[in-house]
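Below you'll find the structure, written out as structure tokens, and then a few comments.
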There are 2 protein chains.
Amino acid sequence: MPSYSISELSHEFDITTRTMRFYESEGLLSPKRDGQTRIYAEADRVRLKLILRGKRLGLSLAESKELIDMYKPRGNNEAQLIKLLEKIRERKNILAQQLLDIQAMENELNGAEERCQEALNALSK
Amino acid sequence: MPSYSISELSHEFDITTRTMRFYESEGLLSPKRDGQTRIYAEADRVRLKLILRGKRLGLSLAESKELIDMYKPRGNNEAQLIKLLEKIRERKNILAQQLLDIQAMENELNGAEERCQEALNALSK
DNA sequence: TTACAGCTTGACGTTTACGTCAACGTAACG
DNA sequence: CGTTACGTTGACGTAAACGTCAAGCTGTAA
């Protein structure tokens, strides 16, 4: 099983060590320790990846934490499972909306790109 | 041409009037005035829509402002047009990444949904 | 006329997500 | 043995995006 130092992961994902310690203080990461030093396992690396993906989609750290914890249903209680399902579907709706937003924005960017290119062509003529 | 009061738009988009005034102070909106009172035209409404779409995709207000201003190329200077094109393509790359992120997250949510549903079925049996 | 509803401009407070020191420990290199 | 690299824990600072008063103006319905 591979393991990583804080700086290895921070380089890989292009974030600061401060950021990683902050994520830990917020309960998003919980690496093992060798004395004082943090030792990250592959599972920690995966969690970090998920956090950063969440960020790219505009999620807060709290939301990412919730989401990541959802992937492993630990609640065996029925009410909890139902609530979990609701949240999963909520998030899927948000994703669907984001998809629409992306498509709309892409269309507009394409239009802008065209107009921009035409303006450039007109100049070079 | 339709026009709107601040509260009309704030209700339509489910934001506070404070938010709209803040956007104005940040240069994202610039409604006309009737005396002191703000009067929003359709163009303002569209800009607001674009801002909120930007937010749903995780853009900062500054980024949304830049993006919206891009749709109407006012820079007739070549260097500016080239820079604009670069920014448009940058943003398109981000959108492409977001699309991948959405698909990945959707897959995981589907997996979680299934496991969750199975756990529920197992309970009710 | 008063009371309410809706508009305005400050000004300060708050949350999130880190940045930026400071001060210290430890292991290895020259 | 000093310094360089990498790690640690506080503690305070900061930018973004508003929230939350306060204090005041303005039209209109009772």
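These figures come from a predicted structure and were not determined experimentally. For the numbers below, each heavy atom of this structure counts, side chains included, while hydrogens, waters and symmetry mates do not. All chains are named by letter (A, B, ...) in the order of the sequence lines, taking the proteins before the strands, and each is independently numbered beginning at 1.
For the pair A:K55 NZ and C:dT16 C1', the computed distance is 10 Å after rounding to whole Å. Between the CG atom of B:L61 and the C1' atom of D:dA17 there is a distance of 7 Å, given to the nearest Å. In this structure, CD of B:Q36 is placed 14 Å from C1' of D:dA23, rounded to the nearest angstrom. Whole-Å rounding puts the A:I51 CD1 to C:dC18 C1' distance at 14 Å. Taking atom NZ of A:K65 as the reference point, atom P of C:dA17 lies 13 Å away to the nearest angstrom. C:dT15 atom P lies 21 Å from atom CG of A:L59, rounded to whole Å. Here C:dC7 presents its P atom at 10 Å from CE of B:M20, a figure rounded to the nearest Å. Atom OH of A:Y4 is separated from atom P of D:dC6 by 19 Å (rounded to the nearest Å).
In this structure, A:S7 and B:T16 both approach DNA chain D, and ranking their closest nucleotides by distance from the 5' end singles out A:S7.
With D:dG7, C:dC18, C:dC7 as the candidates, the nucleotide lying closest to the side chain of A:R21 is D:dG7. When distances run from any side-chain atom of B:T37 to the nucleotides C:dC18, D:dA17, C:dC7, the shortest one goes to C:dC7. Nearest nucleotide to the B:T19 side chain, out of D:dC18, C:dC18, C:dT16: D:dC18. Comparing atom distances between the A:Y23 side chain and each of C:dT8, C:dC18, D:dG19 picks out C:dC18 as nearest. Picking from D:dC18, D:dG7, C:dA17 the nucleotide with the shortest atom distance to the side chain of A:I6 gives D:dG7.
Among A:R91, A:K55, A:K87, the single residue meeting the salt bridge (Lys or Arg N to Asp or Glu O under 4.0 Å) criterion with A:E63 is A:R91. Of the listed residues (B:Q98, B:R56, B:R53), just one forms a side chain to side chain contact (heavy atoms under 4.5 Å, CB included) with A:I102, and that residue is B:Q98.
A:S3 approaches A:E8 most closely through the heavy-atom pair O-OE1, 3.9 Å.
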#### Entry: Chi angles and distances behind the salt bridge (Lys or Arg N to Asp or Glu O under 4.0 Å) call for A:K83, A:E86
CA-CA 5 Å; A:K83 235 180 123 182; A:E86 271 173 31; over 6 Å; no
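Put simply, B:S5 has a side-chain N or O that comes within less than 4.0 Å of OP1 or OP2 on C:dC7.
Under the 3.5 Å distance criterion, the side-chain polar atoms of A:D44 are matched with a main-chain donor or acceptor of A:A41. In terms of modelled atom types and a separation under 3.5 Å, the side chain of A:R115 and the main chain of B:Y71 share a donor-acceptor contact. Remark: the backbone N or O of A:E66 is not paired with any side-chain donor or acceptor of A:D69 at under 3.5 angstrom.
For D:dT20, its base sits under 3.5 Å from the side chain of B:R18 at one donor and acceptor pair at least.
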### Task
Could you provide the dot-bracket string of DNA chain C, using ( ) for intrastrand pairs, [ ] for crossing pairs and | for bases paired to another strand, with Watson-Crick or G-U pairs below 3.5 Å?
||||||||||||||||||||||||||||||
Expected list for residues 20-28 of chain A: side-chain donor-acceptor pairs under 3.5 angstrom, two or more places apart:
unit_1 : atom_1 : unit_2 : atom_2 : d
A:R21  : NH1    : A:T17  : OG1    : 3.4
A:E24  : OE1    : A:R38  : NH1    : 2.6
A:E24  : OE2    : A:R33  : NH2    : 3.2
A:E24  : OE2    : A:R38  : NH1    : 3.4
A:S25  : OG     : A:F22  : O      : 2.7

Any N/O pairs under 3.5 Å between the protein and nucleotides 26-29 of chain D? List them or say none.
none

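Using a 3.5 Å distance cut-off with no hydrogens or angles, the side chains of B:S7 and B:S10 do not pair a donor with an acceptor. Judged purely by distance below 3.5 Å, without hydrogens or angles, the side chains of A:Y4 and A:E12 never pair a donor atom with an acceptor atom.
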